[in-house]
Engineer: 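This is the structure I have questions about; it appears just below.
Naming convention: chains lettered A, B, ... in sequence-line order (proteins, then strands); numbering from 1 in each chain. Just so it is clear, the model here is predicted, and its values are computed rather than measured.
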Number of protein chains: 2
Amino acid sequence: MVTIYDVAERAAVSPATVSRVLNGKSVKAELAARVLEAADTLAYVPNRTARTLRRRHSEVIALIIPDVENPLFTALARGVEDVAREAGYSLVLCNSDDDLAKEREYLDIAISGDMAGVIIVPAAGESNVDLLLAKGRAVVAVDRPVAHGNVDTVVFDNARAGHDATTVLWEAGYRRIACITGPNDVRPAVDRAMGWQAAMLGFDSTFPAVTYLRHGDFRTRGGQEMMLDLLQMDEPPDAVVAANNLIGVGAINAMAQAGTLPPTTGIAVVGGLPYALPFGHPIPVVHLPTRHIGMSAARILLDRLSGSQSPVSTVVLRGELTPPTPA
Amino acid sequence: MVTIYDVAERAAVSPATVSRVLNGKSVKAELAARVLEAADTLAYVPNRTARTLRRRHSEVIALIIPDVENPLFTALARGVEDVAREAGYSLVLCNSDDDLAKEREYLDIAISGDMAGVIIVPAAGESNVDLLLAKGRAVVAVDRPVAHGNVDTVVFDNARAGHDATTVLWEAGYRRIACITGPNDVRPAVDRAMGWQAAMLGFDSTFPAVTYLRHGDFRTRGGQEMMLDLLQMDEPPDAVVAANNLIGVGAINAMAQAGTLPPTTGIAVVGGLPYALPFGHPIPVVHLPTRHIGMSAARILLDRLSGSQSPVSTVVLRGELTPPTPA
DNA sequence: GAGTATACAGAAATCGATTGCTGACACAAG
DNA sequence: CTTGTGTCAGCAATCGATTTCTGTATACTC
């Protein structure tokens, strides 16, 4: 292992000088040249662990997400990564599986690994980032608020998204519009359903909303099962709002199984479908600015890291109902 | 920041003893109890940075993949994660964008961050892990071999997968079967195309293979463009082998646009389609054991980490042609 | 030309945990 | 009673880079 001492020796200067050269502090040009040459010929790579120990924080930020296999979160990760890299930070992706224990483990790693900051999509339930805050680390919540801890937050306008998705179906002539959403301890799932419910009651105050609401698991499987369930009702819905992309896919699968693909049964989806679904009928989608939400969170975090003391803020990003262009 | 010294003081022992207790070395029961109690009341969290500096390696392994948004790689990541966590390691996901410069950056981070080992899907081109090997770090290549460096490797049997996909189409009666694959500096892309070519020439030695081969970018966009291109030929193919999941999605989109969805134009896909495509006709898929490939790579890495000196090996996993059950 | 300000390099302390070595003590064997 | 063997806790060195402090050489002011 070649260390800063080896470089110092070869360049005939002190380790302190090598450090200064490598960190852009002022050093006489001639010495700097010697140092750089020595570092080069020795193929010196500074040890980040030692640097982190001394500086008491690394250049790594942790991004904790509930599911790496969900395109929403990977898109978010891209957004974070792009901004973070730009600023010289690298990103560690941690997969919590929406499990508080795993999440806690990763939070501990973030603390004990001296990570610069944490961007977290809190797991369902009582996420707690107090320990992190107590240590003075920067934390930003994304997509969902944290249950405990007062931190900057970036979320979608979920109620509105649910409302918009419902409205477009209503305007297309559907009248008995159901809603399949995620678990009821996951905030965006609840909010989107609220948006749907508000919209339906606005159109028809006698609509039996609870009857047509289903909680799945925010995954394809759940969407499919709940849709089949809805279709078996005595008075099945004539359309459905899928509260996320995977539910949308599942619901469409179910419709295919039951032979009631759109436009027979209508569907609108909150969140971009991961891949265009190639069959005749266009599907209205409320596109959520997933990449943006990541970029926004990263910017806020970077701001905190550079010492900003501005009061804790919540940013709400609005989705956009798109004419369904594929891909 | 509460350190091991604080704990030591409170428990009236030396820091060394605290360390030994926390690491399960033999210490008299009474002292151990005092230490644990002190650690508990002080809410002591050991600093991994310091430990890593001293031990000269961390409990983190890096997984470098070309595209976090590709389900193949996220599934692989799950496989790696499951095995790694089991063994007490945590995973850092790094996104190389198939870009050698970004890849090199992450490799440097792996070195300078004292990471225990690296599992890498090498970027297109001349990936080089020599530096890592020179430092004695464990490295495993997945999905593609590394251009430089002699390391354990886990790959799919890509040629066979291409061959199988082609065969199933031939047997279904298609005769002019094209192939859309990835960039020609990406090994699996080439191998799958080779499998297709071998199969076609086996069936019909006069088949003008080069005419019906297209290189896209292994993404939806590329698949779509190449498919449209194929469909515009004077003598368009009557079927196509899509060399990966995203190309498959793109190709199907293109078919939808052109109004020649299966079975009019046949298609077989190598690699599971990320989300079931709900329209009447079943699509044959050569399922690749993506999760397995990750688990296998992780096991090999862990083996090396625990000191195994067995000769460098290559593991080849076979895909399986499935009757196309959705989801 | 004397005195002060400035720039810059080196020595050494520091970050927090681990670990080789040493010494203290207990007990068994001779 | 002495020597030998083993257990276990503490001291201090160590990992590699950063940074404070200090000293020296040079430039600048009047």
Side-chain angles (χ1 to χ4, degrees), chain A residues 1-36 38-39 42-60 88 108-116 135-137, chain B residues 1-36 38-39 42-60 88 108-116 135-137:
Chain A
M1 185 58 127
V2 29
T3 75
I4 202 170
Y5 293 91
D6 302 321
V7 177
E9 190 177 355
R10 189 165 219 283
V13 298
S14 78
T17 301
V18 176
S19 172
R20 283 190 272 255
V21 172
L22 266 31
N23 288 287
K25 309 281 176 61
S26 83
V27 169
K28 214 197 296 177
E30 188 212 328
L31 290 196
R34 288 219 307 268
V35 167
L36 290 175
L42 293 177
Y44 168 67
V45 182
N47 181 313
R48 282 169 195 253
T49 305
R51 153 193 294 229
T52 298
L53 179 59
R54 181 64 231 242
R55 290 224 176 131
R56 317 186 63 157
H57 69 269
S58 67
E59 288 79 46
V60 173
D108 277 347
I109 291 179
I111 292 176
S112 62
D114 291 316
M115 299 199 183
K135 304 261 175 190
R137 304 304 174 76
Chain B
M1 187 56 129
V2 29
T3 75
I4 202 170
Y5 292 91
D6 302 321
V7 177
E9 193 177 352
R10 190 165 218 283
V13 299
S14 77
T17 301
V18 176
S19 172
R20 285 190 270 254
V21 172
L22 267 31
N23 289 287
K25 310 280 176 62
S26 84
V27 170
K28 214 196 297 175
E30 187 212 327
L31 291 195
R34 289 218 308 267
V35 168
L36 289 175
L42 294 175
Y44 168 67
V45 182
N47 182 312
R48 281 168 197 254
T49 306
R51 155 196 292 231
T52 298
L53 179 59
R54 181 64 230 246
R55 289 229 177 124
R56 315 184 66 160
H57 68 269
S58 67
E59 289 80 44
V60 173
D108 278 348
I109 290 178
I111 292 176
S112 63
D114 291 316
M115 299 201 183
K135 304 262 175 189
R137 305 302 175 78

Engineer: Decide yes or no for B:Ile4 and B:Ser19: does some side-chain heavy atom of the first lie under 4.5 Å from some side-chain heavy atom of the second?
Structural biologist: yes
Engineer: Could you pick out which residue, B:Val13 or A:Lys25, lies toward the 5' side of DNA chain D when each is mapped onto its nearest nucleotide?
Structural biologist: B:Val13
Engineer: Just wondering, do B:Val35 and B:Leu22 contact through their side chains at under 4.5 Å, heavy atoms?
Structural biologist: yes
Engineer: Using a cut-off of less than 4.0 Å, is there contact between a side-chain N or O of A:Thr17 and OP1 or OP2 of C:dA9?
Structural biologist: no
Engineer: Taking the side chain of B:Ser19 as heavy atoms from C-beta outward, which of C:dT19, C:dC8, D:dG16 is closest to it?
Structural biologist: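 For B:Ser19, the side-chain atoms sit closest to C:dT19.
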Engineer: Could you say whether A:Leu53 or B:Pro15 is positioned toward the 5' end of DNA chain D, judged by the nucleotide with the nearest heavy atom to each?
Structural biologist: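 First, find each residue's nearest nucleotide; the 5'-ward one identifies B:Pro15.
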Engineer: Between D:dT18, D:dA9, D:dG10, which nucleotide gets closest to the side-chain atoms of B:Val27?
Structural biologist: D:dA9
Engineer: In terms of side-chain heavy atoms of B:Leu31, which of C:dA17, D:dA9, C:dA9 is nearest?
Structural biologist: D:dA9
Engineer: I need the NE2-C1' distance between A:His57 and C:dC15, as an integer number of Å.
Structural biologist: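 From A:His57 NE2 to C:dC15 C1': 13 Å.
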Engineer: Specify the separation, in whole Å, of atom CZ of B:Arg48 and atom P of D:dG16.
Structural biologist: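 Rounded to whole Å, this separation is 21 Å.
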Engineer: Taking side chain as C-beta onward, heavy atoms only, is A:Val21 less than 4.5 Å from A:Leu31?
Structural biologist: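 A:Val21 vs A:Leu31: side chains apart.
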Engineer: The side chain of B:Arg55 is closest to which nucleotide in this list: D:dA17, C:dT19, C:dA11?
Structural biologist: C:dT19
Engineer: Report the distance from atom CG of A:Asp6 to atom P of D:dC15, rounded to the nearest whole Å.
Structural biologist: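 A:Asp6 atom CG is separated from D:dC15 atom P by 11 Å.
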Engineer: Output yes when at least one side-chain N/O atom of B:Ser14 is less than 4.0 Å from OP1 or OP2 of D:dG10, else no.
Structural biologist: yes
Engineer: I need the minimum non-hydrogen distance between B:Ala8 and B:Ser14, along with the two atoms involved.
Structural biologist: CB-C, 3.7 Å
Engineer: Can you tell me which residue among B:Lys135, B:Arg55, B:Arg137 is in a salt bridge (Lys or Arg N to Asp or Glu O under 4.0 Å) with B:Asp114?
Structural biologist: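 Exactly one pass, corresponding to B:Arg137.
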Engineer: Could you check whether atom CD of A:Glu59 has more than 12 heavy atoms from other residues, nucleotides or ligands sitting under 6.0 Å from it?
Structural biologist: yes
Engineer: Of the candidate nucleotides C:dT18, D:dG16, D:dG10, which contains the atom at the shortest distance from the side chain of A:Ala50?
Structural biologist: D:dG16
Engineer: So, is B:Asn23 near the phosphate of C:dT18, with a side-chain N or O under 4.0 Å from OP1 or OP2?
Structural biologist: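 B:Asn23 to C:dT18 OP1/OP2: side-chain N or O found under 4.0 Å.
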Engineer: Could you give the CD1-to-C1' distance, from B:Ile4 to D:dC15, as a whole number of Å?
Structural biologist: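 One finds 15 Å between C1' of D:dC15 and CD1 of B:Ile4, rounded.
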Engineer: Does C:dT18 have OP1 or OP2 under 4.0 Å away from a side-chain N or O of B:Tyr5?
Structural biologist: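 Negative; the distance criterion is not met.
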Engineer: When we call it a touch if two heavy atoms are under 4.0 Å apart, what does A:Thr49 touch: a base, just sugar-phosphate, or nothing?
Structural biologist: nothing
Engineer: Looking only at heavy atoms, what is the nearest atom pair of B:Arg48 and A:Ser112, with distance?
Structural biologist: NE-OG, 2.7 Å
Engineer: For nucleotides 20-26 of chain D, which of its nitrogen or oxygen atoms have a protein nitrogen or oxygen under 3.5 Å away, and what is each distance?
Structural biologist:
none

Engineer: Measure from CD on A:Glu59 to C1' on D:dT18 and round the result to the nearest Å.
Structural biologist: 12 Å
Engineer: Compare side-chain N and O positions of A:Arg51 against OP1 and OP2 of D:dT18 and report whether any pair is under 4.0 Å apart.
Structural biologist: yes
